[in-house]
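A short write-up of the structure that comes next.
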Number of protein chains: 2
Amino acid sequence: MSYGDSREKILSAATRLFQLQGYYGTGLNQIIKESGAPKGSLYYHFPGGKEQLAIEAVNEMKEYIRQKIADCMEGYADPAEGIQAFLKELSCQFSCTEDIEGLPVGLLAAETSLKSEPLREACHEAYKEWASVYEEKIVQAGCSEEHAKEASTVINAMIEGGILLSLTAKNSTPLLYISSCIPDLLKR
Amino acid sequence: MSYGDSREKILSAATRLFQLQGYYGTGLNQIIKESGAPKGSLYYHFPGGKEQLAIEAVNEMKEYIRQKIADCMEGYADPAEGIQAFLKELSCQFSCTEDIEGLPVGLLAAETSLKSEPLREACHEAYKEWASVYEEKIVQAGCSEEHAKEASTVINAMIEGGILLSLTAKNSTPLLYISSCIPDLLKR
DNA sequence: GTCTATAATACGATAGAC
DNA sequence: GTCTATCGTATTATAGAC
């Protein structure tokens, strides 16, 4: 395919690096080098430069995580069990240093929410999408829509915060503590 | 005082900027400019350069937030009410854009946990300190030490995640949702 | 679609004068 | 304690050839 996989390779390297190192911690040169894509092709595929690349990277993270959450929720009738399955998956990365994927969306969101409105909106959309997956499942389990809306936001916050704490502690304990309080959170 | 306030001014500007913009998003030049301190004095007061400055900034955040949590907890017999008072304070910054203080410790932690071991340790110490304030109060209210340890970690995660979500959403709704589920979290 | 070359700027850090 | 000057190296982005 003439419109080959260079674009794809650049975007996937950018997604990985932005998630691990953040927006300002990641240089375009590093992205090109790690992607293995030809150097001259970046601004051809991403004429909007670094900002466009970051926005598309956030969309990649959004879809990747949304799929993971959805897969976990499908496996159980009880939403709490589905969320705990997702937390278990997240906690695995802290067993081996090389497996660490970082803080999806959160790092970019914290760096750029006050500096780039389109990037902030992309991050906001990611959080809304993840919340809607939780929400739907919680409503299906018989909870009120109001409770489901609140709970899904709180779950998003706990998980992002839990990854952050696990990253800082270099172990999965915070994520496991969070997992154990999910059932109580949903009981109402 | 001959050992004047230049050091103090640099550190306080660095603390504010690192919290808002992160480690890689903040340049030494910007810190010097905003501090109003003489340009030549940075490496005199902080011979360890940017990394030392960031570590000391994290310690400033640690103490500032620890004091705020402690003040909130002192005002109430019930730990849940104290935490809710803290969350109310945090949520205020999202009423006015200029008041936003950013994500204390969390942004630096996410950027540098995999890149600088001393910086990671400083962030980890901050989280441990905050948790110990929650923990003590929860134990005093009659809970088991195990439950208090778990709950205080979860509270740390919820609050950091909640600030992140509020920053991204540009409103305090996530923090308020979190506040409303604190009592249930502590009931066990 | 991809290449090289380069512009323009910012970065962190150091040396040496005062 | 502070200043200026500067080194070396990043950065993002663009222009023009192929």
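Proteins get letters first, then strands, A, B, ... in listed order; numbering begins at 1 in each. Model, not experiment: these values are computed from the prediction. Excluded from the calculations below are hydrogen atoms, water molecules and symmetry mates; all remaining heavy atoms, backbone and side chain alike, are included.
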The contact string for nucleotides 11-18 of chain C, one letter per nucleotide 5' to 3', using protein heavy atoms under 4.0 Å with B, S and - for base, sugar-phosphate only and none, comes out as SSBB----
Shortest non-hydrogen pair, A/Glu89 vs A/Lys68, comes out as OE1-CE, 3.0 Å
Self-check item: Any B/Ser41 side-chain N or O less than 4.0 Å from OP1/OP2 of D/dC3
Solution: no
Rounded to whole Å, the CG-P distance (A/Leu42 to D/dT11) equals 12 Å
Whole-Å distance, A/Tyr24 OH to C/dA10 C1', equals 13 Å
note: A/Tyr44, atom OH; C/dT4, atom P; distance rounded to Å ~ 18 Å
Between CD of A/Gln21 and P of D/dT11 the distance, given in whole Å, is 11 Å
Whole-Å distance, A/Phe46 CZ to D/dT14 P, equals 16 Å
| According to the interplanar angle, ranging from 0 to 90°, do the rings of A/Phe86 and A/Tyr134 count as parallel (below 30°), tilted (30 to 60°) or perpendicular (above 60°)? | tilted
Output for pair (B/Leu108 CG, B/Arg120 CZ), nearest 0.5 Å, gives 14.5 Å
Could you go step by step and tell me if A/Glu63 and A/Arg66 meet the salt bridge (Lys or Arg N to Asp or Glu O under 4.0 Å) rule?
CA-CA 5 Å; A/Glu63 181 52 27; A/Arg66 190 204 63 77; 3.0 Å; yes
Heavy-atom closest pair (A/Tyr44 atom, A/Pro47 atom, distance to 0.1 Å) is O-CD, 3.8 Å
- Is it true that a side-chain atom of B/Trp130 and a backbone atom of B/Lys62 form a donor plus acceptor pair closer than 3.5 Å? yes
